[in-house]
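Sequence lines set the chain letters: A, B, ... in the order given, protein chains first and strands last, and positions in each chain run from 1. Remember, predicted model here, so these are calculated numbers, not experimental data.
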Amino acid sequence: MVSENLILTALKHVLDPELGLNIVDLGLVYDVKSEENGDVHIKMTMTTAGCPLHASISKGAEEAVKQLPGVEKVDVELVWEPAWTPDRMTDWARKQLGWK
Amino acid sequence: MSTPFSGNIATPYSPPFSVVKQYFIAATITFILLNGMMLLSYQYIQGYHFQPRLLAFAHIAVLGWATMIIMGAMTQLVPVILETSLFSVRMARWGLWLFLLGVSGIAGHFWLFATRGSGMLSAAGTAYVAIILFVINIGLTLKKVRSINISSAHIIAAITYLGIVATVGLLLGINLGNPFIRGNHLHYLALHAALGFAGWFSMVIMGVSYRLLPMFTLSYSYKTWPGWTAFGLVNAGILGVVIEFLFDMPLYSSLIIAAGLFMFSYQVVLIIKGRMRKAMDLGLRYAVLAYGYIPLATVVGVYIALSHALPAMRQRFVLIYGFTVVFGCITFLVIGMMYKVVPFLVWFHKYSDKVGKEKVPLLKDMFSERLGNIQFYLINIGVPAVIAGLLIGNQIVVGLGTAIMFIASLLFGYNMLMVFTRK
């Protein structure tokens, strides 16, 4: 079974190309579940429902986690509830976007 | 709070990128040529507006640069916004070449003031066919949509105005060689320009802003009634101005258009105030500048419409108005949106399926931000310098301004080249 920390580390390599920030620090990853059989379930969102990058980013998350040894199958669930808010960002990410 | 104006740029509904790319490249080359020609002939940017070089500059700027880039952007965005496919990719593909041919012909004939022969008529006719093809293509794409939202309302209004402006333009072109319009040609030329600026361009600027600005600033929570109010006021004002124009009445309805444009500015302030992305990148700084020039152009426009200034002073303000609208409002917004949209489209086609598998560039890595910033500062000196030069009637200041603008246009061209040739 792959540790959830390792999965989050892999997801940190997936960047929003417009904002230049990774999806974990942006707070887009809501939940990560790793099963004994190597299956991984990721629940994530986008900054907006009309985000033009949602297909690339969710596919990118799947590809990044697939590369981890021991991972068999990755299922990315895109959810819009609860909606993303800037409160979900880490302090570092907030600073990058100009928040004091 | 009401529903925000959400956005998107590329989906399975997008037309082939090669088509849109050609519009963007052709318009960027035209923009550099325009700036170069203005530099070489800056002494003609003065006095009465109905003179060969100025008419050539005006048509290259509004057709070859602004309208061409808007045509490309609409060909990309309208199917995406409406979640339907473009009516005809072939019309979009051939329309560009017809438009280029027509606009080159119009500009060339104005430059030489060879407006009486069949050459000008053929050029105007070719450009007209291209514009009508575009209007039909977008119109029939819109026909597939069931409900009208703020974006589609602006697009419908914009292409309607474009069709009317082009028709008036064609009739004026015919009238130059074979006079048939009763009354003063210049009277109708003013109507042609006013409908182009207040109708076609303002509807596009407003509609595009409601779609793209919230997306790029991450602004989702704001009131939307000022946007709709602006739409109503600008269109009511245009109708009023046309009626007043035809009956030779004072153009008091220009005040209604102005009220609408100020309401638009208020909507923009609400969107920007509610943004989650506090830091402004290069593209957004250009857009904000454009929004700053809109109230300025509005005030000058109302002054021209209602004042009884002496002819010399009036001519000066007509030039300032035209220049401010084309370079302050339209060009700044177009450049800002190109710095956002073009890198995204190229990125989407080259790298979207590589995310997570290998390192892919960020959008801001697709061009030189440093050169973009230098361009930003230069154009911010060049455009106000030309406006100041026109205001005080000093040709040297106008010439210096156009020189700075030309350098800025080269930097912009280089940056776009970097994006399009990215490996």
Side-chain angles (χ1 to χ4, degrees), chain A residues 7-24 26-29 40 42 44-68 71 74 76 80 82-89 92-100, chain B residues 3-14 76-77 80-81 83 149 151 210-212 214-221 272 274-281 283-284 339-341 343-366 369 422:
Chain A
I7 295 168
L8 284 173
T9 307
L11 289 175
K12 279 196 174 187
H13 288 96
V14 181
L15 304 182
D16 178 321
E18 160 72 4
L19 300 174
L21 300 172
N22 70 71
I23 58 174
V24 177
L26 268 174
L28 298 179
V29 180
V40 173
I42 300 163
M44 63 178 293
T45 191
M46 294 288 145
T47 53
T48 168
C51 178
L53 294 160
H54 77 81
S56 326
I57 292 178
S58 56
K59 186 86 182 121
E62 186 187 326
E63 294 292 342
V65 175
K66 247 187 198 169
Q67 290 178 26
L68 292 173
V71 171
V74 183
V76 177
W80 305 109
W84 176 85
T85 71
D87 300 336
R88 294 185 176 272
M89 289 190 283
W92 175 81
R94 288 162 70 88
K95 232 179 214 172
Q96 302 302 308
L97 290 184
W99 289 69
K100 296 265 161 65
Chain B
T3 314
F5 312 138
S6 62
N8 210 335
I9 299 181
T11 65
Y13 299 110
S14 312
Q76 170 72 26
L77 292 175
V80 171
I81 291 169
E83 296 188 349
N149 60 24
S151 296
Y210 297 150
R211 176 63 51 173
L212 297 182
M215 187 168 62
F216 292 138
T217 55
L218 301 183
S219 185
Y220 309 122
S221 197
I272 290 177
R275 76 192 190 278
M276 295 180 192
R277 186 180 188 177
K278 298 296 177 192
M280 289 273 181
D281 62 16
L284 285 173
Y339 268 123
K340 305 290 288 180
V341 172
F344 173 80
L345 292 176
V346 175
W347 184 95
F348 191 80
H349 283 84
K350 291 202 167 156
Y351 305 109
S352 64
D353 55 350
K354 293 179 180 160
V355 181
K357 293 181 195 163
E358 56 185 82
K359 195 169 162 29
V360 293
L362 301 177
L363 299 189
K364 67 182 176 68
D365 300 332
M366 306 276 288
E369 217 176 352
R422 178 104 197 173

> List the atom of A:Pro17, the atom of B:Pro361, and the distance in Å for their closest heavy-atom pair.
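Shortest heavy-atom separation between A:Pro17 and B:Pro361 comes out as CB-O, 4.2 Å.
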> Please look at B:Asp281 and chain A and tell me whether the side chain, the backbone, both or neither of the residue comes under 4.5 angstrom of a heavy atom of that chain.
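Contact with chain A: side chain only.
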> Run the side chain to side chain contact (heavy atoms under 4.5 Å, CB included) check on B:Met276 and A:Leu97 step by step: do they pass?
CA-CA 8 Å; B:Met276 295 180 192; A:Leu97 290 184; over 6 Å; no
> Can a donor-acceptor pair be found, under 3.5 Å and without considering hydrogens, that links the side chain of A:Gln67 to the backbone of B:Gly356?
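Side chain of A:Gln67 to backbone of B:Gly356, a donor-acceptor pair under 3.5 Å: yes, one is there.
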> Check this for me, if you would: do A:Glu18 and B:Lys340 make a salt bridge, where the nitrogen-to-carboxylate-oxygen distance has to be below 4.0 angstrom?
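B:Lys340 and A:Glu18: salt-bridged.
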> Which heavy atom of A:Gly98 sits nearest a heavy atom of B:Lys278, and at what distance?
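It is O-CB, 3.4 Å.
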> Chain B heavy atoms under 4.5 Å from A:Leu11: which part of the residue, side chain, backbone, both or neither?
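The answer is neither part of A:Leu11.
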> What are the two closest non-hydrogen atoms of B:Leu362 and A:Asp16, and how far apart are they?
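Result for this residue pair: CD2-O, 4.1 Å.
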> How far does CZ of B:Arg277 sit from CD of A:Gln96, to the nearest 0.5 angstrom?
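Rounded to the nearest 0.5 Å, the CZ-CD separation comes to 11.5 Å.
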> If you look at every heavy atom in B:Val355 and A:Glu63, which pair is closest and at what distance?
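Taking every non-hydrogen atom into account, O-CB, 3.9 Å.
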> Counting only heavy atoms not in B:Lys350, do more than 12 fall under 6.0 Å of its NZ?
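Correct, the count exceeds 12.
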